[in-house]
There are 2 protein chains.
Amino acid sequence: MKKLKKYKEQEFIDRGYQYFMRHISVDCVIFGFHENQLKVLLLKWKDLQQWCLPGGFVYKDEHIDLSARRILTERTGLDNIFLKQFYAFGDPNREWSKRKNVPLNLKKGSWLMERFVTIGYWALVEFSKVKPAPDELSDECRWWDVNRIPKLVLDHNNIIEKALESLRINLNDYPVGNTLLPDKFTMPELQQLYETILDKKLDRRNFQKKMIALDIFQRLNERKHGGAHKAPYLYKFNQKKYQKAMKQGLRFGF
Amino acid sequence: MKKLKKYKEQEFIDRGYQYFMRHISVDCVIFGFHENQLKVLLLKWKDLQQWCLPGGFVYKDEHIDLSARRILTERTGLDNIFLKQFYAFGDPNREWSKRKNVPLNLKKGSWLMERFVTIGYWALVEFSKVKPAPDELSDECRWWDVNRIPKLVLDHNNIIEKALESLRINLNDYPVGNTLLPDKFTMPELQQLYETILDKKLDRRNFQKKMIALDIFQRLNERKHGGAHKAPYLYKFNQKKYQKAMKQGLRFGF
DNA sequence: CCAAAAGTGTTGCCTTTACACCCATGT
DNA sequence: ACATGGGTGTAAAGGCAACACTTTTGG
């Protein structure tokens with residue numbers, strides 16, 4: 001696979017289509033969880049000074065899933081991330097030439113000015129392990145509270161909406177706890193995570209019972225101190241039991 | 001939108017990329033239900049003599065959903081079809097130049113020989129209303145039992161697999177009965193439909209109760225005669241109640 | 001009249017929901 | 001000490017699976 005060196009920005013703008021497929025891009029909605037808030041990782045374009053999703057293009061001989069993974073690794077420093085393709089956005093208005101403000105001084109006729117169909121992925125990462133890194137075209141990369149996203153570039157707000165929707169629908173089948181929380185966590189924290197994603201309150205007592213009945217957690221002889229009031233137990237995922245249960249079609253019940 | 005006239009086949013092969021986006025295609029898995037079997041509509045290539053999914057390309061200014069709809073209408077004669085985008089297939093092996101047998105006498109360098117990412121849609125249609133019609137490149141278009149699909153072109157078998165999977169997952173939320181069955185139908189027929197899609201037996205009595213409890217059907221003063229034994233009642237969807245229930249998040253319970 | 005399929009009802013179980021009680025901790 | 005959040009238990013409600021019985025039809 002011919003790869004484009006990072007520093008050759010003008011080469012990318014002028015002749016990127018020799019390396020990448022035209023008309024196809026990949027955008028990633030990277031979810032994290034911190035201070036009881038669901039977060040999304042965004043980038044700020046150098047020239048537009050507007051925020052956008054981390055995204056990129058697909059090398060001519062690269063699987064689209066791999067493109068998404070490549071982008072994720074570049075932005076977060078992590079590999080082996082939980083990743084799901086959720087939707088292809090194919091509105092013909094998805095092109096810069098139909099916008100007033102255009103990045104990179106793009107000229108009419110550039111391959112980047114043409115219409116793109118973007119494949120949307122969402123990813124679940126452990127907030128504390130991420131080292132947000134801007135790419136060559138952006139000067140900032142940071143977390144945003146999912147409820148306070150600014151007006152983004154193109155249709156990226158819509159992409160986040162759809163990603164959230166997909167995340168909610170898949171909450172039953174996917175290990176959001178295992179991927180979004182740190183290694184050790186408390187039941188109230190896990191509950192907060194579900195409540196945030198579902199955007200509704202759950203009964204504390206029933207939640208615990210339900211989770212523990214799944215028999216995929218391991219309670220440690222350790223409590224989380226520091227907060228006021230009674231210190232809650234810390235839990236780990238019992239990865240062995242958890243993997244087994246997933247194979248048998250575990251459902252979390254949401 | 002510049003449209004390509006049908007008869008200009010050579011023009012399409014040589015310069016189709018002037019009308020359509022490169023690297024992007026749309027494939028439709030059209031489901032029908034007949035004689036208690038789930039069916040899929042397939043086409044046979046004129047030259048390859050191999051079967052494939054109905055598919056096509058996306059005009060440069062056309063929404064991908066509309067491309068899918070266009071293809072559906074051309075093949076089935078129906079519009080207003082229930083349609084769902086379910087997955088984007090982005091394996092780099094999806095290209096003819098990596099195959100032994102190539103259709104249309106395509107030469108190296110042709111835009112059609114390049115790699116395509118295809119957006120998969122599935123559609124639910126009423127079997128009896130469909131008039132299967134081959135396109136310009138195929139000489140046959142007919143229904144195949146979903147359990148007896150032959151070896152198809154490229155990764156089209158895999159696309160059908162994924163479509164079925166998606167259909168099963170969405171069985172809870174989507175009106176498979178309303179779209180796959182004729183206007184009037186019996187409960188045993190509806191049950192057969194669910195059993196076929198889910199590939200498992202359901203209890204006749206519990207099924208009826210559950211369905212009727214949804215309060216979206218209207219029982220007619222009419223029975224389905226002709227079969228041996230007791231004649232079952234005919235039902236219609238009460239579209240008003242049904243639409244209302246769907247908006248409120250009706251779940252069928254599968 | 002009989003076999004097979006269709007319509008209706010009942011029961012018991014198990015999951016979910018609601019809520020009561022006690023315990024621990026920092027202020 | 002006390003307000004607040006955390007851990008555990010129980011009882012009622014509702015949904016679902018299992019099964020019995022009657023009715024209808026073509027042969």
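In what follows, chains carry the letters A, B, and so on, assigned in the order in which the sequence lines appear, proteins first and then strands, with residues in each chain numbered from 1.
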Is the positively charged end of A:R142 above the ring of A:W144, judged by distance under 6.0 angstrom from the centroid and angle within 45° of the axis?
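Yes, A:R142 and A:W144 form such a contact.
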Checking A:R94 against A:F116: charged group under 6.0 Å from the ring centre and within 45 degrees of the axis?
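Here A:R94 fails the 6.0 Å and 45° test against A:F116.
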Please examine the side chains of A:F127 and A:K39, heavy atoms only from C-beta on, and report whether any two atoms are closer than 4.5 Å.
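Contact flag for A:K39/A:F127 side chains = yes.
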Please report, rounded to the nearest Å, how far the [atom2] atom of [N] is from the [atom1] atom of [X].
X	N	atom1	atom2	result
A:M187	D:dG5	CE	C1'	16 Å
B:E222	C:dA6	CD	C1'	17 Å
B:Q191	D:dA17	CD	P	12 Å
A:L190	D:dG5	CG	P	19 Å
B:D203	C:dT11	CG	C1'	14 Å
A:F252	C:dT15	CZ	C1'	18 Å
A:E195	D:dG5	CD	C1'	13 Å
B:F254	D:dG15	CZ	C1'	14 Å

Looking only at side chains, do A:N221 and A:Y233 share a donor and an acceptor under 3.5 Å apart?
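No, no side-chain donor-acceptor contact under 3.5 Å.
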is_close_aromatic(B:Y121, B:F86), centroid dist under 6.0 Å:
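Judged by ring-centre distance (under 6.0 Å), B:Y121 and B:F86 do not meet the cut-off.
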Short question: side chain of A:R168, backbone of A:I197 - any donor-acceptor pair under 3.5 Å?
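Between the backbone of A:I197 and the side chain of A:R168 there is a qualifying donor-acceptor contact (under 3.5 Å).
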Using modelled atom types and a 3.5 Å cut-off, is there a donor and acceptor pairing between side-chain atoms of A:R69 and backbone atoms of A:I81?
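Confirmed, A:R69 side chain pairs with A:I81 backbone.
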Does A:K84 NZ have over 12 foreign heavy atoms under 6.0 Å away?
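Yes, because the 6.0 Å sphere around NZ of A:K84 holds more than 12 heavy atoms from other groups.
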Contact list please: residues 206-221 of chain A against DNA chain C, heavy atoms, distance less than 4.0 Å, in numerical order.
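Under 4.0 Å from DNA chain C: A:N206, A:K209.
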Would you tabulate the pairs of protein nitrogen or oxygen atoms and nucleotide nitrogen or oxygen atoms of nucleotides 21-27 of chain C closer than 3.5 angstrom?
{"unit_1": "C:dT25", "atom_1": "O4'", "unit_2": "A:H229", "atom_2": "O", "d": "3.3"}

Candidate pair B:K184 and B:E222, rule salt bridge (charged side-chain N to carboxylate O under 4.0 Å, His left out), full reasoning
CA-CA 10 Å; B:K184 299 175 180 180; B:E222 203 179 337; 3.3 Å; yes
